[in-house]
Amino acid sequence: MNIELDWLPGLNDWADQLARAQALPWPSAKPAFVALANSRIDFLQTVKLDRAVQRSLKAAGGDPARLRLALLGSSTVSQLAAGLRIGALRRGLILDIYEGPYGLYRQELSDPESGLRAFAPQIVLFALDARHVVGAGDTSAGDAIAQMAHCWSLAKSTFDCAVIQQTLLPCIPPTLGSNEHRLPESPHALIERINSELRPAADAAGVHLLALDSFMRLHGGLNFWHEASLWNRAKQEVGPAASALYGEYAGRLIAALRGLSAKCLVLDLDNTLWGGVIGDGGLEGIALGQGSAAGEAFLDFQRYAQTLSRRGVILAVCSKNDEINARAPFQKHPEMILKETDIACFVANWSDKAQNIRTIAASLNIGLDALVFADDNPAERGLIRRELPMVAVPELPEDPADYVSTIARGGYFEAVAVTGEDRERGSQYAGNAQREKLRETVTDVASYLAALKMELIFQPFDRIGLPRIVQLANKTNQFNLTTIRYVERDLERVIDDPRCVSLQLRLKDVYGDNGIIALILGRMQGQDLFIETWLMSCRVLGRQVEEATLQLIAARAEASGARRLIGEYRPTAKNGMVREHYEKLGFAPLDASGEESTANRWILELSSYRSKPTPIRLVEGPNAKTADLQRA
Amino acid sequence: MQKPQIYSELNDIFRDLFDDDNIVLKPETSADDVDGWDSLAHINLIVAIEAKFKIKFKTAEIESLHNVEHLVDVIAAKLG
């Protein structure tokens, strides 16, 4: 038992902690429940924790931030609900789950009077069992997928929701053997074919897959996920024993859809990236590279970290070492895969690691909850879990050969799309280091900014940029005036709406392309342009992008017939840095007399607006003109 | 493992699963006596027992396990 969540730490006093959490009222109990979910629990504990959370929520009248998920299955799926709720809770999300009547998911989708319609899900998870989809064996893969696609489009058009489709569990055994594909009518071959054709079909439909077939293989094997006796008795395709893991995989996918996945892997060095202690053994004394099994294991781990970095995960180093020793392998060891340029923030000293990890988060301008800390030393892991509970700390196994699979199975960096910015992030951070060097050599800010030769490339939202726009809108917490979150549909509608003013802004300078760094979404309200969203990446703070952006908004607003700009600041726990944003830009507080909820609203009369000169050149983006033409 | 110990371990599972710390299992305790012992809970119970005692029930056994005495007998037999 308990093979399922082996990257999470075991808690000896789990039951006591649960009792203490239960004694607290919601929402102050929530952090304790989240911590309990983030420990190595089995399915019975999952059920128990879920019940305690449900009771606490009920007593509090529910949680306003809950997410409504419809769990639609063709057989019994209620055994999955507790695991799903706990998988989401592990990421701080509260799920409200609707389970339809047994096997009636199609009717529920099309019946306007159904309970599903009344529930109005934000996410629909199709948990269809393989036997149902394959049917009597007279279906083709194309037909089976067409039926699923019909349900996806029904769900999307009815609820405007995110759709998740579970891939089929290969639970019907082969008849031919290794070359099963030569027997097209075999249910096993058909399942495999549907699964492989599902991938492009789901992508084309904007549907996200829950890859049951793939993580079943990674994690426990078919016998762990599926028991024939439970299928026969209760029509449970995925049994209760695997339900916690099912929920874990779904939970990380839902978190990724909300932009909540971790962004940065913080690495210890000695016995984490190489074997031995560099300060003691020197370059010749550490185990790394071909020639020893341990050395190859560390090589594998570095290779995996580099792969993560190439798809947008930031790497940082946090090591107790003299910096000169810590950097030596990166500079001189011939087998090192990771180079200094792969590391966005390198901290090696003798201070305590909690303090150093705070420094790393601050210098990268990301939240502590976006960090994953990998360290072979249980004492350091324990310290970080205690001091910084929001940092994810995987339970690295003793054998370095298993580091990669542990981090991979932890699923901290789950993502649903890879954007161009993700791929370039590594070089963007390297560019940041060069900018810092320039800042040190140039004495005053004005000449530093001029020397950067910045270009702000602007254009309205477009379909090509949409994935990055959605990602940025959902994960920007600090420089975000209203912190309104959007699903792709919301922003897609903006593209064709003539009453919307939207801007995506890309910043280039002598050191490279920073990618899309700011978004504006304004809506015309009479003669006012109301700025619903203004957000910016903290990487470009202090470069007068705000002033340049305001020039663009003002020009767009006037072109749309606006006389005034209205800005709003909605305070959150994280966006204090923009409290005075509108004031600094010359907006006046909006007279609150006679109106509610305008206390944080600001106004700018366009007739009296005079733009300030900035060291930024404004450049129209490639699609700006076409978008205007479409509008005309 | 002796039967009293099986009763004790089983009692823990029941208390966890049915969320009632007052459950005291007797040989004659059956689904009718425990609040929430429905068909879904029965499956959970079987899976929890299998995990705890590292045993496996046969389909026919699962069908018949509806009072505690019988359950303990089957577990004891499997543990040898």
Side-chain angles (χ1 to χ4, degrees), chain A residues 1-5 14-16 18-19 22 36 40-56 58 71 73 75-83 86 99 102 220 223-247, chain B residues 1 5-25 29-32 34-68 70-75 77-79:
Chain A
M1 203 55 192
N2 236 338
I3 60 165
E4 47 262 61
L5 305 171
W14 194 87
D16 296 339
L18 179 63
Q22 281 179 283
L36 287 160
R40 194 176 297 182
I41 52 177
D42 61 20
F43 102 90
L44 199 52
Q45 287 169 302
T46 302
V47 169
K48 205 172 148 95
L49 176 58
D50 176 55
R51 208 162 28 211
V53 173
Q54 292 308 307
R55 212 163 25 220
S56 179
K58 199 174 170 193
L71 173 59
S75 53
T76 309
V77 288
S78 34
Q79 77 282 8
L80 304 175
I86 297 304
E99 298 167 39
Y102 182 88
N223 289 341
F224 173 68
W225 287 81
H226 179 78
E227 287 189 57
S229 66
L230 294 187
W231 172 257
N232 294 335
R233 185 185 162 83
K235 293 293 170 280
Q236 296 181 349
E237 188 186 46
V238 171
S243 62
L245 200 50
Y246 183 96
Chain B
M1 194 180 290
Q5 200 190 336
I6 295 177
Y7 267 99
S8 150
E9 303 241 356
L10 214 47
N11 213 80
D12 289 345
I13 294 177
F14 269 78
R15 286 181 178 193
D16 273 351
L17 193 62
F18 297 105
D19 202 25
D20 179 356
D21 285 343
N22 300 317
I23 292 178
V24 180
L25 294 181
T29 306
S30 75
D32 296 337
V34 178
D35 212 21
W37 191 348
D38 56 18
S39 59
L40 175 63
H42 189 65
I43 301 277
N44 286 346
L45 177 65
I46 294 298
V47 175
I49 293 170
E50 287 181 339
K52 181 95 165 195
F53 294 98
K54 299 188 173 39
I55 55 173
K56 209 79 198 158
F57 292 108
K58 286 180 268 192
T59 302
E61 288 168 338
I62 299 174
E63 299 288 336
S64 67
L65 294 173
H66 280 288
N67 83 39
V68 169
H70 187 196
L71 197 54
V72 172
D73 286 346
V74 174
I75 295 169
K78 284 185 185 289
L79 291 173

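Here the structure is a predicted model, which means the values were calculated and not measured. Residue numbers start from 1 in every chain, and the chains themselves are labelled A, B, ... in the order their sequence lines are given, proteins ahead of strands. Side chains are part of it too, since the values below use all heavy atoms of this structure and drop only hydrogens, waters and symmetry mates.
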Interface moiety of B:I46 toward chain A, non-hydrogen atoms closer than 4.5 Å:
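Neither part.
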If I measure from the heavy atoms of chain A, does B:L17 come under 4.5 Å with its side chain, its backbone, both, or neither?
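Contact with chain A involves both backbone and side-chain atoms of B:L17.
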Do B:I62 and A:R233 have side-chain heavy atoms sitting under 4.5 Å apart?
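Answer yes - side chains close enough.
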Side chain proximity check, B:D19 to A:R55, heavy atoms < 4.5 angstrom:
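The answer is yes, as the side chains (C-beta and beyond) meet within the 4.5 Å cut-off.
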Any residue meeting side chain to side chain donor-acceptor pair (under 3.5 Å) with B:D16, in chain and number order, not counting sequence neighbours:
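Residues passing side chain to side chain donor-acceptor pair (under 3.5 Å) with B:D16: A:K48.
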How would you list, by chain and number, every residue that makes a side chain to side chain donor-acceptor pair (under 3.5 Å) with A:Q236, sequence neighbours excluded?
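Applying side chain to side chain donor-acceptor pair (under 3.5 Å) to A:Q236 gives none.
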For residues A:F43 and B:N44, report the shortest heavy-atom separation together with the two atoms involved.
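In this case the closest contact between A:F43 and B:N44 is CZ-O, 3.4 Å.
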Within 6.0 angstrom of A:D16 CG, more than 12 heavy atoms from elsewhere:
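More than 12 heavy atoms, drawn from other residues, nucleotides or ligands, come within 6.0 Å of this atom.
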For the atom pair CD (B:E50) and CD (A:E227), what is the distance rounded to the nearest 0.5 Å?
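The CD atom of B:E50 sits 5.5 Å away from the CD atom of A:E227.
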